[in-house]
**Q** 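Dropping the structure in here first, questions after.
Only heavy atoms go into these numbers, but all of them, side chains included; no hydrogens, no water, no symmetry mates. Here is the naming used below: chain letters follow the sequence lines, and residue numbers restart at 1 for every chain.
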There are 2 protein chains.
Amino acid sequence: MMTVRNRRKMAGIPRGVISRLPVYYRYLSGLSQAHEKISSAELGKALNMTAAQIRSDLSYFGSFGLHGYGYRVDELRQRIAEILGLDREYRLVLIGAGNLGRALASYQNFRRRGFVISAIFDSDPQIIGEELGGVKIRSIDGLEKYLKSNPCDIAVICTPRDVSQGICDRLVAAGVKAIWNFSPIHLQVPDDVVVEHIHLTDSLLHLSFHLRHRTESNQS
Amino acid sequence: MMTVRNRRKMAGIPRGVISRLPVYYRYLSGLSQAHEKISSAELGKALNMTAAQIRSDLSYFGSFGLHGYGYRVDELRQRIAEILGLDREYRLVLIGAGNLGRALASYQNFRRRGFVISAIFDSDPQIIGEELGGVKIRSIDGLEKYLKSNPCDIAVICTPRDVSQGICDRLVAAGVKAIWNFSPIHLQVPDDVVVEHIHLTDSLLHLSFHLRHRTESNQS
DNA sequence: TAGATTGTTAATCGATTAACAATC
DNA sequence: TAGATTGTTAATCGATTAACAATC
């Protein structure tokens, strides 16, 4: 029997649903062991969402709850982890060992979730050979050769704006399918490549906009 | 005469519009001086949006274009800068001088846009007194006293998850109205306080989700 | 003027929510 | 069983887009 929800499922998961899954996962991960069960109402209260939205989001992937009870925290977290693809390791290469690149390379939280930086590239001869978080900085010239023998899942772009699109093109040509972009430009990529943009300054401007136009309630 | 658009304006600017303004601004800022004019169609092509959306977004704030011509790049950038509140300086305080806090403090791009870090706080006696990007690290104990004599516009939270809500409450009590949150929790704040969350790990999980469920087109 | 592109409306599309039958 | 909460539908709400009159 083909329900409407099944059809929605087939048609693809809405963007909003996908970006809320990590939020649920993060919250569940932060709960103590003592917290055995949680209802959509409780979860919604903690995250400022409606209970209906949470149930609707989860139902895209199956039925993880128990009628009249709620969700078992452990199980729900585990299921979401699977949906998010957290049951394996991901190899990352990082391009650009400036301020931000260095900070990301030494931030150990990503590794904890299974995201391992396996190589760092830069174009500055001054820093090539240095180590960052246990990983040697290589010359950007060797990018293609490295990727050929060491395929990576995700490339992290932390380069200055004017070289980022070029680097991105080289990564895509080398077969990279996912890009984490910290450079302040909108990268152009083919349809089968996913890009997640972290535009720090954009987010600051969002704050200044609200400070400027502050009137009544403007909860984010 | 009260048009429908005016009514929409009164009803508040949609979230999506606000988050696209920085994107427009960033793109226009990246254009060379030689680029005098731009049409909504060109802008849309560069940013993977429809021309209609761009025109509709801008029309919330006025009429900045010229019929049959397009937009003058300089003027449009200037107008958006004003809308975003970029015609003044903002004072930031940063809480938590760990990996990420250090990176943000030494990242000079924010200052260039008028966002100036005026103080850094941490609880670790080992690093209190150190300088980061020309700013001394102070003891978190002095937070309230400092804010009393040095009001700030935006507080940047880079603390570990278990202390972040507490720090946030102290900031709000001290009158801070805008928070840039890098800590991996959903902060609870009153309605008149704006929070921008930067959840780096959430964004990584978005990528792993796409890698896991990769089928046809999944452009971000 | 003819050509081009804006600003704005109405139509479309998609996402959120309220409500409730199903069920533990 | 009675009480509670899920999963799912239909209704609502809001955002995007196509289309076009206005106009430079």
**Q** Identify which nucleotide among D/dT16, C/dT17, D/dC24 has an atom closest to any side-chain atom of A/Ala52, counting heavy atoms from C-beta outward.
**A**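 Output: C/dT17.
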**Q** Would you indicate, yes or no, if C/dT5 has its OP1 or OP2 atom less than 4.0 angstrom from a side-chain nitrogen or oxygen of B/Ser39?
**A**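 False: B/Ser39 side-chain N/O out of range (4.0 Å or more) of C/dT5 OP1/OP2.
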**Q** Let's see if you can work this out: which of D/dT17, C/dA22, C/dG7 has an atom nearest to the side-chain heavy atoms of A/His67?
**A**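 My answer, after comparing the listed nucleotides, is C/dA22.
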**Q** D/dT8 P sits how many Å from A/Phe61 CZ, rounded?
**A**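 Going from A/Phe61 (CZ) to D/dT8 (P), I get 13 Å.
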**Q** Rounded to the Å, how far apart are A/Phe64 CZ and D/dG7 P?
**A** 8 Å
**Q** For the side chain of A/Thr50, starting at C-beta, report the closest nucleotide among C/dT17, D/dT23, D/dT17.
**A** C/dT17
**Q** Rounding to an integer number of Å, can you tell me how far B/Leu76 CG sits from C/dT6 C1'?
**A** 12 Å
**Q** Could you give the CD1-to-P distance, from A/Ile54 to D/dT8, as a whole number of Å?
**A** 16 Å
**Q** How many whole angstroms separate atom CD of B/Gln53 from atom P of C/dG14?
**A**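 It works out to 14 Å between those atoms.
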**Q** If the cut-off is 4.0 Å, is A/Arg72 near the phosphate of C/dC24, judged by side-chain N/O to OP1 or OP2?
**A**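 For C/dC24, neither OP1 nor OP2 has a side-chain N or O of A/Arg72 closer than 4.0 Å.
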**Q** Hydrogens and angles aside, do A/Tyr24 and A/Asp57 bring a side-chain donor and acceptor to less than 3.5 Å of each other?
**A**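 Distance-only check passes for A/Tyr24 and A/Asp57.
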**Q** Checking B/Leu147 against B/Val176 for the side chain to side chain contact (heavy atoms under 4.5 Å, CB included) test, could you report, in this order, the C-alpha distance in whole Å, the side-chain angles of both residues, the deciding distance, and whether it holds?
**A** CA-CA 9 Å; B/Leu147 288 175; B/Val176 173; 4.2 Å; yes
**Q** Out of the candidates B/Val172, B/Val194, B/Ile95, B/Ile167, only one should pair with B/Ile179 under the side-chain contact (heavy atoms from CB on, under 4.5 Å) rule; please name it.
**A**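 Passing option: B/Val172.
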**Q** Checking side chain to side chain donor-acceptor pair (under 3.5 Å) for the pair A/Thr159/A/Ser183: CA distance, chi angles, key distance, verdict?
**A** CA-CA 6 Å; A/Thr159 49; A/Ser183 147; 5.0 Å; no
**Q** From the list D/dC20, D/dG7, D/dT17, which nucleotide is the closest neighbour of the side chain of B/Arg55?
**A** D/dC20
**Q** Contact class for A/Gly16 (heavy atom, under 4.0 Å): base, sugar-phosphate, or nothing?
**A** nothing
**Q** Can you tell me how far CG of A/Asp169 sits from CD of A/Gln165, rounded to the nearest 0.5 angstrom?
**A**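 CG of A/Asp169 is found 4.5 Å from CD of A/Gln165.
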**Q** Map B/Gly70 and A/Tyr69 onto DNA chain C by nearest heavy atom, then report which one ends up closer to the 5' terminus.
**A** B/Gly70
**Q** Hey, would you say the B/Phe115 and B/Tyr90 ring centroids sit under 6.0 Å apart?
**A** yes
**Q** Under a 4.0 Å threshold between the charged nitrogen and the carboxylate oxygen, would B/Lys177 count as salt-bridged to B/Asp153?
**A** no
**Q** Could you state the atom-to-atom distance from CE of A/Met49 to C1' of C/dA18 in whole Å?
**A** 18 Å
**Q** Output the pairing pattern of DNA chain C as a dot-bracket string, 5' first, Watson-Crick or G-U wobble with both distances under 3.5 Å, | for cross-strand pairs, [ ] for crossing pairs.
**A** ..||||||||||||||||||||||
**Q** What nucleotide, of D/dT17, D/dT6, C/dA15, holds the atom closest to the side chain of A/Tyr71?
**A** D/dT6
**Q** Does a side-chain N-to-carboxylate-O contact under 4.0 Å join A/Arg72 and A/Glu36?
**A**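 No, no charged N to carboxylate O under 4.0 Å.
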**Q** Rounded to the nearest Å, what distance is computed from the CD1 atom of residue B/Ile18 to the P atom of nucleotide D/dA15?
**A**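 Taking atom P of D/dA15 as the reference, CD1 of B/Ile18 is at 10 Å.
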**Q** Side chain of B/Pro14, heavy atoms from C-beta onward: which of D/dA15, C/dT16, D/dT8 has the nearest atom to it?
**A** D/dA15
**Q** Taking atom P of C/dT5 as reference, at what distance in whole Å does atom CG of B/Leu43 sit?
**A**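 For the pair B/Leu43 CG and C/dT5 P, the rounded distance is 14 Å.
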